[in-house]
Number of protein chains: 2
Amino acid sequence: MPQSPAPLFETILYLTRAIRAGFELRVRAQGLTYARARLLAVIGHNQGASQAELAQRLDIETPTLKRQLDALEALGLAERRPLAEDGRKHAIFLTGAARIEPLLAFRAEVEAAFSDGIAPEDLATTRRVLARMAENAERLKRT
Amino acid sequence: MPQSPAPLFETILYLTRAIRAGFELRVRAQGLTYARARLLAVIGHNQGASQAELAQRLDIETPTLKRQLDALEALGLAERRPLAEDGRKHAIFLTGAARIEPLLAFRAEVEAAFSDGIAPEDLATTRRVLARMAENAERLKRT
DNA sequence: CGAAATCCATTAGCAAGCTAACAATCGTGC
DNA sequence: GCACGATTGTTAGCTTGCTAATGGATTTCG
């Protein structure tokens, strides 16, 4: 859309692409992406969870999660184990090769770079405003 | 990634999905999407422009634009005309069937709904902060 | 003028989101 | 106990973004 007062939506969409691109500069070579790193971290904090649980934590749909998990498994960073007590579910675990701390550090670096020259109180306001917009969006979805 | 102080990046990524979903609720039935509406509006303001020009205005790559333009052409909303003076370029035009005002109105509605309950000065701060973050990202890309 | 460089659009292929539809498994309830 | 419904994961297919590579047309430069 063309420029309104100030293209808020355009900026948000642009930042989404920039966040991914900035992060992936550092992890591309390892076969990782922003989404895969996010999944890796959530598995780490929820060892043994099912795919449905992970998808809920990540707020994505299960088919989207499946492909990312396939990729992590192919990279040897995560594994599916069948559950004896429920033939439908898989329990998902990190392998020993997975290390999530560097990924969190990369993400923090990108966030710091993007926040350069912005007053902390303005950043806090922005966090609050965007969280409220997300709530509003969530509420709309229910309708 | 898990929750840091406050997951700013997560919120931005989420809002991108919410913006698209909210907008597409209203235009899906006409074969439109947020990206296609954006392209339609830019064509309207740049009648006869080449695909490379449109891509630059939209800040997307030409292959991405090509597919969206193909879709608009299939819907009968835009057309490519060969240029006599340059055999490489196409001049892109809206057809008579294209109407962009309702699309701008839809976008404004979504923005208003998302902004509900947010103080105007906080919204202004957010716009400024996000614009700065986009600048920072842009600067990083050049490096 | 002709060769080299550049530009334009396209093709091909990857990743991340989504929805719809399905098979298999589990749980409930009659 | 068995049929029905709900849950789990998967497959298939769509859109939007990207990069890399290609063919054709133009521009530039020697």
Side-chain angles (χ1 to χ4, degrees), chain A residues 9-10 12-25 27-40 49-56 58-75 80-92 141, chain B residues 9-10 12-25 27-40 49-56 58-75 80-92 141:
Chain A
F9 280 3
E10 311 295 309
I12 290 174
L13 291 238
Y14 173 76
L15 282 175
T16 285
R17 292 188 288 148
I19 288 166
R20 281 206 249 256
F23 185 79
E24 289 173 12
L25 274 184
V27 298
R28 224 10 172 173
Q30 313 159 35
L32 289 181
T33 63
Y34 189 84
R36 289 174 189 176
R38 207 164 85 98
L39 171 54
L40 214 49
S50 71
Q51 295 182 202
E53 280 179 271
L54 294 175
Q56 194 200 342
L58 289 164
D59 197 28
I60 60 178
E61 301 302 318
T62 54
T64 299
L65 180 128
K66 180 217 181 291
R67 276 181 323 206
Q68 292 168 2
L69 182 55
D70 286 346
L72 292 187
E73 217 169 14
L75 289 168
R80 279 179 252 233
R81 298 187 202 152
L83 265 187
E85 63 265 33
D86 192 331
R88 298 167 300 179
K89 294 187 182 177
H90 297 155
I92 314 300
K141 198 162 55 174
Chain B
F9 280 2
E10 311 295 309
I12 291 174
L13 291 239
Y14 173 76
L15 282 175
T16 286
R17 291 187 289 148
I19 288 166
R20 280 206 251 254
F23 185 79
E24 289 172 13
L25 274 185
V27 299
R28 223 11 172 171
Q30 311 159 36
L32 289 181
T33 63
Y34 189 85
R36 289 174 189 175
R38 207 164 83 99
L39 171 55
L40 213 51
S50 69
Q51 297 182 200
E53 280 178 271
L54 295 174
Q56 194 200 341
L58 290 164
D59 198 27
I60 58 178
E61 300 302 317
T62 53
T64 298
L65 181 129
K66 180 219 181 288
R67 277 180 323 203
Q68 293 168 1
L69 182 56
D70 286 345
L72 291 186
E73 215 168 17
L75 289 168
R80 280 179 250 233
R81 297 187 202 153
L83 266 186
E85 63 265 35
D86 192 331
R88 300 167 299 177
K89 294 186 184 179
H90 296 156
I92 314 299
K141 198 162 57 173

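Throughout, a chain's letter reflects where its sequence line sits, starting with A, and its residues are numbered from 1. FYI, side chains are in, hydrogens and waters are out, and symmetry mates aren't considered; it's all heavy atoms of this structure.
The side chain of A:Arg80 contributes no N or O atom lying less than 4.0 Å from OP1 or OP2 of D:dT8. For D:dC18, one of the phosphate oxygens OP1 or OP2 lies less than 4.0 angstrom from a side-chain nitrogen or oxygen of B:Thr64. Regarding contacts with the backbone of D:dT7, every side-chain N or O of A:Gln51 stays at 4.0 angstrom or more from both OP1 and OP2.
One atom, CG of A:Leu65, and another, P of D:dT10, lie 9 Å apart when rounded to the nearest Å. Remark: P of D:dA12 and NZ of A:Lys66 are 10 Å apart, rounded to the nearest angstrom. Atom CD in B:Glu61 sits roughly 10 Å away from atom P in D:dA20 (whole-Å rounding). The distance between atom CG of B:Asp70 and atom C1' of D:dG17, rounded to the nearest whole Å, is 16 Å. Nucleotide D:dT16 holds its C1' atom 15 Å from the CZ atom of B:Phe23, rounded to whole Å. Computed from coordinates, the B:Lys141 NZ to D:dC18 P distance equals 8 Å when rounded to whole Å. Between the CG atom of B:Leu69 and the C1' atom of D:dT16 there is a distance of 15 Å, rounded to whole Å. At whole-Å resolution of the value, CD1 in A:Ile19 and P in D:dG17 are 15 Å apart.
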Extract from the structure each pairing of a protein N or O with an N or O of nucleotides 13-15 of chain D at less than 3.5 Å, listing the distance.
{"from": "D:dT15", "atom 1": "OP1", "to": "B:Arg36", "atom 2": "NH2", "distance (Å)": "3.3"}

**Request:** Quick one: do B:Thr62 and B:Leu54 satisfy side-chain contact (heavy atoms from CB on, under 4.5 Å)? Show the steps, please.
**Result:** CA-CA 9 Å; B:Thr62 53; B:Leu54 295 174; over 6 Å; no
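The minimum heavy-atom distance linking A:Tyr34 with B:Glu10 is given by the pair OH-OE2, 2.9 Å. In this structure, A:Ser50 and A:Ile92 approach most closely via the heavy-atom pair C-CG1, 4.4 Å. Of all heavy-atom pairs spanning A:Arg17 and B:Asp59, the tightest one is NH1-O, 3.0 Å.
Across the interface with DNA chain D, nearest-nucleotide mapping of A:Glu53 and A:Arg17 shows A:Glu53 to be the residue nearer the 5′ end. Of the two residues contacting DNA chain C, namely A:Ala71 and A:Gly87, the nearest-nucleotide position lying further toward the 5' end is that of A:Ala71.
Inter-residue side-chain proximity for B:Gln68 and B:Ile60 is flagged as met; some heavy-atom pair is nearer than 4.5 Å. When side chains are defined from C-beta on, B:Leu15 does not count as touching A:Leu13, because their heavy atoms never get closer than 4.5 Å. A heavy-atom distance below 4.5 Å is not found between the side chains of A:Thr33 and A:Val27.
Rounding to the nearest 0.5 angstrom, the gap separating the NZ atom in B:Lys66 from the NE2 atom in B:His90 is 10.0 Å.
Tested against A:Gln51, the residues A:Lys89, A:Arg80, A:Gln56 include a single side chain to side chain donor-acceptor pair (under 3.5 Å) partner, A:Arg80.
Under 3.5 Å, the side chain of B:Arg88 and the base of D:dT26 form no donor-acceptor pair of N or O atoms.
The span of DNA chain C lying next to chain A, judged by atoms under 4.0 Å from heavy atoms, is bounded 5' to 3' by C:dA15 to C:dC26.
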